[in-house]
Amino acid sequence: MDIELRMLAWAVVLGLAQLLIAATAGTAQRGLKWNVSARDGQPQALTGVAARLQRAWCNFLETFPFFAALVLAVVVTHRQSAHTALAVQLYFWARLIYVPLYAAGIPYLRSLVWAVSLAAQVMLLWVVLLD
């Protein structure tokens, strides 16, 4: 399997892990009764680490579709290269590092790591559009 597809699969694993971690933190704050309910009405706002984990998860959801589309475009058009291999690995590792940085509330470095994941997507886009 190509590294591009392998890293796409690992990004899915990361997304599922983030979902479970954010949901667990939210349930810890809101309670199991809320979690198993129909969740009608406005839920109690999350705070602290639980809120940051939820925002990190939402941020993943904002970036992952672009990443997945770009990886699939690279593979379908047979444009895999050392450049695309680097890009997919940069995206994955940046997104992995982003989660604990966001959870810990570390500013600036978190944004820098997010920028690395964005740059990785731009690298893939460059290959798809201009290579």
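Computed from a predicted model, the values in this text were never measured in an experiment.
- Contacts classified as ring pair (Phe, Tyr, Trp, His ring centres under 6.0 Å) and involving residues 36-63 (residues at least two apart or in different chains) are given here: Phe60-Phe64.
- Atom CE of residue Met7 and atom CG of residue Leu5 lie 11.5 Å apart, to the nearest 0.5 angstrom.
- Counting only heavy atoms from C-beta outward, the side chains of Val99 and Leu53 approach each other to under 4.5 Å.
- For the atom pair Leu14 CG and Trp93 CH2, the distance stands at 10.0 Å (nearest 0.5 Å).
- Partners of Ala85 by side chain to side chain contact (heavy atoms under 4.5 Å, CB included), not counting sequence neighbours, listed by chain and number: Ile3, Glu4, Gln89.
- In this structure, Arg30 contributes its side chain and Gln44 its backbone to a donor-acceptor pair below 3.5 Å.
- In this structure, Arg52 and Gln54 have side chains that are not in contact, with every pair of non-hydrogen atoms separated by 4.5 Å or more.
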**Chi angles and distances behind the side chain to side chain contact (heavy atoms under 4.5 Å, CB included) call for Val75, Thr84** = CA-CA 10 Å; Val75 171; Thr84 61; over 6 Å; no

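- Interatomic distance, CG of Leu124 versus CZ of Phe66, reported as 13.5 Å (0.5 Å rounding).
- Residue Val116 shares its hydrophobic cluster (ILVMFWY side chains chained together at separations under 4.5 Å) with Leu86, Leu90, Met123.
- Under the 4.5 Å side-chain heavy-atom criterion for grouping Ile, Leu, Val, Met, Phe, Trp and Tyr, Met1 is connected to Phe92 within one hydrophobic cluster.
- Through direct or relayed side-chain contacts under 4.5 Å between Ile, Leu, Val, Met, Phe, Trp and Tyr, Val76 connects to no other residue.
- Grouping Ile, Leu, Val, Met, Phe, Trp and Tyr residues whose side-chain heavy atoms lie under 4.5 Å apart, directly or via other members, leaves Val122 alone, with no other cluster members.
- With rounding to the nearest 0.5 angstrom, the CD atom of Gln29 is 3.5 Å from the OG1 atom of Thr47.
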**Message:** With side chain to side chain contact (heavy atoms under 4.5 Å, CB included) as the criterion, how do Val88 and Val71 come out once you've worked through the C-alpha distance, each side chain's angles and the decisive distance to 0.1 Å?
**Reply:** CA-CA 8 Å; Val88 296; Val71 168; 3.8 Å; yes

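- Cluster membership for Val49 and Leu19, using ILVMFWY side-chain heavy atoms within less than 4.5 angstrom, is not shared.
- Taking Ile, Leu, Val, Met, Phe, Trp and Tyr as members and joining any whose side-chain heavy atoms lie under 4.5 Å apart, directly or through other members, the hydrophobic cluster of Leu109 also contains Ile97, Tyr98, Leu101, Tyr102, Ile106, Leu112, Val113, Trp114, Leu118.
- Rounded to the nearest 0.5 Å, atoms CG (Leu20) and CD (Gln18) are 10.5 Å apart.
- Leu125 contributes atom CG, which lies 13.5 Å from atom CZ of Phe67 (distance to the nearest 0.5 angstrom).
- For His83 against Val127, the heavy-atom pair with the smallest separation is CD2-CG2, 3.3 Å.
- Across all their heavy atoms, Gly26 and Ala50 have their closest contact at N-CB, 4.3 Å.
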